[in-house]
Amino acid sequence: MEFTRVKLALTCLGLITIVIIQILYISSKLGVNCDIKDVFFKYEIDKNFKSNEILPAIERRRRLPDALIIGVRKGGTRALLDAMALHPQIKAARREVHFFDQNETYSLGIEWYRQQMPFSHSGQLTIEKTPAYFASSITPSRVYQLNKNMKIIIILRDPVIRTISDFTQVSLKLKKLTNKFI
Ligand SMILES: Nc1ncnc2c1ncn2[C@@H]1O[C@H](COP(=O)(O)OS(=O)(=O)O)[C@@H](OP(=O)(O)O)[C@H]1O
């Protein structure tokens with residue numbers, strides 16, 4: 001029994017190490033400085049921080065994002081968001097909000113956008129991912145207008161494999177809608 005627990009703990013530790021190595025590897029491939037202090041810039045890790053419960057509930061509120069994962073579509077954006085959200089100082093919006101790229105949602109205003117964000121404490125980083133921001137020409141100016149210091153995160157994938165993946169997804173969606181394959 002004890003041996004199984006040790007094995008389970010070691011497996012978890014191994015998986016976490018693999019995720020961290022993947023993030024650092026992707027950063028280095030993109031030419032991003034991998035110093036974790038730079039990644040979290042002004043967000044000092046609070047030594048007393050253990051879980052949300054020990055912090056006063058009054059500090060908990062929805063905050064606008066500090067960083068956006070903008071794509072690319074089928075590039076592994078969900079996996080990246082999930083890996084980043086493992087960090088206790090990062091809160092991630094679970095769904096794609098499409099705030100900046102769609103006029104209908106953008107017209108709902110900043111307060112609506114804030115309401116789509118998860119609850120966080122001061123010092124925690126809020127992130128959102130919508131891969132459609134990458135291909136939207138109106139998005140950059142809107143993001144800049146909201147926050148000129150917004151951090152932009154992009155994950156790339158082999159373009160041929162990415163296209164096949166994208167094509168497959170679009171084909172399946174279309175098949176569901178029209179019962180026809182392209
Ligand atoms: N670590 C890692 N390395 C390589 N590829 C990975 C990784 N994690 C996820 N994936 C693949 O990424 C595809 C999903 O990408 P996204 O989450 O960006 O999709 S989406 O645009 O939000 O729909 C999806 O691709 P397909 O399997 O080809 O559909 C995932 O399998």
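Note that ligands are numbered from 1 as they come in the structure, with each ligand's atoms numbered from 1 the same way. Hydrogens, waters and symmetry mates are skipped; everything else that's a heavy atom, side chains included, is used.
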Does Arg142 qualify as a cation-pi partner of Tyr106, given the criterion of NZ or CZ under 6.0 Å from the six-membered ring centre and within 45 degrees of its axis?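 Yes, cation above the ring, under 6.0 Å and within 45°.
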Should you measure from each heavy atom of [X], which atoms of ligand 1 turn up under 4.0 Å away?
| X | answer |
| --- | --- |
| Ala79 | 8 (N), 9 (C) |
| Lys129 | 22 (O) |
| Glu96 | 22 (O) |
| Arg78 | 17 (O) |
| Gln169 | 23 (O) |
| Arg73 | 21 (O) |

Would Thr130 and Glu128 count as having a side-chain donor-acceptor pair, cut-off 3.5 Å? yes
Flag for Tyr133-Glu96: side-chain donor and acceptor within less than 3.5 Å: no
Measure the distance from [atom] to every protein heavy atom, then report the residue, atom name and distance (to 0.1 Å) of the closest one.
| atom | value |
| --- | --- |
| atom 6 (C) of ligand 1 | Gly76 CA, 4.5 Å |
| atom 2 (C) of ligand 1 | Gln22 NE2, 4.9 Å |
| atom 25 (O) of ligand 1 | Arg157 NH1, 3.1 Å |
| atom 18 (O) of ligand 1 | Thr77 OG1, 2.5 Å |
| atom 21 (O) of ligand 1 | Lys74 N, 2.8 Å |

Backbone N or O of [Y] within a donor-acceptor pair of the [X] side chain at under 3.5 Å?
| X | Y | value |
| --- | --- | --- |
| Gln169 | Ser165 | no |
| Ser107 | Asn103 | yes |
| Thr77 | Gly71 | no |
| Gln116 | Tyr113 | no |

Ion pair check, Arg162 and Asp166, cut-off under 4.0 Å: yes
Inspect the contact between Lys91 and Asp66 and indicate whether a charged nitrogen and a carboxylate oxygen are less than 4.0 angstrom apart. no
Closer than 4.0 Å and a protein heavy atom, does any atom meet both conditions relative to [atom]?
| atom | answer |
| --- | --- |
| atom 8 (N) of ligand 1 | yes |
| atom 13 (C) of ligand 1 | yes |
| atom 31 (O) of ligand 1 | no |

For Ser120, the option from Glu59, Arg63, Arg61, Arg62 that meets side-chain hydrogen bond (donor to acceptor under 3.5 Å, both in side chains): Arg63
Quick test of your reading of the structure: of Gly75, Ala132, Ser165, whose heavy atom lies closest to atom 26 (P) of ligand 1?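 Looking at heavy atoms only, the winner is Ser165.
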